[in-house]
Amino acid sequence: MAAQRSSAPSAAPDLPALGGRRSSYRERVADALRAALIAGELRPGEVYSAPTLAARFGVSATPVREAMLDLAKEGLVDTVPNKGFRVTAVSEKQLDEYTHVRSLIEIPTVVGLAATADPVSLEALRPAAREIVTAAAAGDLIAYVEADSRFHLGLLALAGNSHLVEVVGDLRKRSRLYGLDALVRAGRLEESAREHLELLDALLERDERAVRAVMTRHLGHVRGLWAAP
């Protein structure tokens, strides 16, 4: 497990807001729990009680219990009567399929942004890209996953298709990146994190070939570098 961890999700007021609304506290707690699940800090098959998770995240048990019920509706956890919540397992085949669908959607969409995205809107995503690098350097996997999600969904939102963003957001929630902790220990996660800044620079230069190359390499990590246990 990473040596450092954020106690609650951070807000991102400068990024494109999906639907134009701010997240509630319950939604922010749910975001942190999803990030912990994706990063492998919450393991499949393990049962976690709301009070235990609340103590771990430094919040009260009520929003954690409510957030976990939201995750149960999404199929990310199962309720265990009188005990808590069990993280659902995802097969290697499912993870491969999720990544394949993401590549079919995200790569051409982001390449298209090289010709259409407003430079000001692209620059608005740079703080999130830097936050990803900072979290990687600190070994804060939850903050890393949260910032990574905000960056990529915010980028896709620039294409103007909310349904596309919703689909990719759902696929990201179901992903598992168990290899992140090993990359932190090896000092390699920060190197991967810098791809977000490289991608922004390529988009601002309107270099479609470079954008495609970065996106293809970056998504390849999902079932490569970031996936190995």
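None of the values given here were measured: they were computed from a predicted structure.
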Under a single-linkage definition using a 4.5 Å side-chain heavy-atom cutoff for Ile, Leu, Val, Met, Phe, Trp and Tyr, are [X] and [Y] assigned to the same hydrophobic cluster?
X: V87; Y: V80; value: no
X: V111; Y: L122; value: yes
X: V101; Y: L153; value: yes
X: V47; Y: L33; value: no

Between [X] and [Y], does any side-chain N to carboxylate O distance fall below 4.0 Å?
X: R150; Y: D31; value: no
X: E41; Y: R56; value: yes
X: E123; Y: R126; value: yes
X: K93; Y: E97; value: yes

Looking at side-chain heavy atoms only, is the closest gap between [X] and [Y] below 4.5 Å?
X: R172; Y: D148; value: yes
X: M215; Y: E106; value: yes
X: L113; Y: L156; value: no
X: H152; Y: V168; value: no
X: M68; Y: V77; value: yes
X: H163; Y: V167; value: no
X: F57; Y: V64; value: no

How long is the gap from [atom1] on [X] to [atom2] on [Y], to the nearest 0.5 Å?
X: R212; Y: T216; atom1: CZ; atom2: OG1; result: 6.5 Å
X: R176; Y: L76; atom1: CZ; atom2: CG; result: 6.0 Å
X: L69; Y: F85; atom1: CG; atom2: CZ; result: 4.5 Å
X: L219; Y: I105; atom1: CG; atom2: CD1; result: 10.5 Å
X: L199; Y: L125; atom1: CG; atom2: CG; result: 9.5 Å
X: T116; Y: L158; atom1: OG1; atom2: CG; result: 8.0 Å

Check whether [X] reaches the backbone of [Y] with its side chain - one donor and one acceptor, N or O, closer than 3.5 Å.
X: S121; Y: A117; answer: no
X: S103; Y: H100; answer: yes
X: R174; Y: E74; answer: yes
X: R34; Y: K173; answer: no
X: T88; Y: G75; answer: yes

Please give me the minimum heavy-atom distance between [X] and [Y], naming the atom from each residue.
X: L203; Y: V110; answer: CD2-O, 3.5 Å
X: Y144; Y: A135; answer: N-CB, 3.5 Å
X: A50; Y: A61; answer: CB-O, 4.1 Å
X: E208; Y: A115; answer: OE2-CB, 3.9 Å
X: I142; Y: A36; answer: CD1-CB, 3.8 Å
X: V211; Y: A114; answer: CG2-CB, 4.2 Å

Exercise. What's the verdict on side chain to side chain contact (heavy atoms under 4.5 Å, CB included) for V90 and Y98, showing C-alpha distance, side-chain angles and the deciding distance?
Worked result: CA-CA 11 Å; V90 183; Y98 298 158; 3.9 Å; yes
Exercise. Which is it for L189 and L141 under the side chain to side chain contact (heavy atoms under 4.5 Å, CB included) test, yes or no, and what are the steps along the way?
Worked result: CA-CA 10 Å; L189 186 58; L141 299 187; 3.9 Å; yes
Exercise. Can L42 and Y48 be said to form a side chain to side chain contact (heavy atoms under 4.5 Å, CB included), step by step?
Worked result: CA-CA 8 Å; L42 299 180; Y48 299 91; 3.8 Å; yes
Exercise. Would one find more than 12 heavy atoms of other residues, nucleotides or ligands at under 6.0 Å from atom CD of E191?
Worked result: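 Result for CD/E191: open.
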For this session: Might you confirm whether atom CZ of R26 has over 12 heavy atoms from other residues, nucleotides or ligands at distances under 6.0 Å?
Result: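 Buried by this count: over 12 neighbours within 6.0 Å.
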Exercise. For R217 and E195, what are the C-alpha separation, side-chain angles and deciding distance, and is it a salt bridge (charged side-chain N to carboxylate O under 4.0 Å, His left out)?
Worked result: CA-CA 9 Å; R217 180 187 349 130; E195 291 177 344; 3.3 Å; yes
Problem set entry | CA sep, side-chain torsions, deciding dist, call: R102, S175, side chain to side chain contact (heavy atoms under 4.5 Å, CB included) | CA-CA 11 Å; R102 283 185 59 189; S175 297; 4.1 Å; yes
For this session: Enumerate the residue pairs fulfilling salt bridge (Lys or Arg N to Asp or Glu O under 4.0 Å) with a member in residues 153-168, sequence neighbours excluded, ordered by first and then second residue.
Result: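 Output for this query is empty, none listed.
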Exercise. Out of E190, H196, E198, which one pairs with R194 under the side chain to side chain donor-acceptor pair (under 3.5 Å) rule?
Worked result: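 The single option meeting the side chain to side chain donor-acceptor pair (under 3.5 Å) with R194 is E190.
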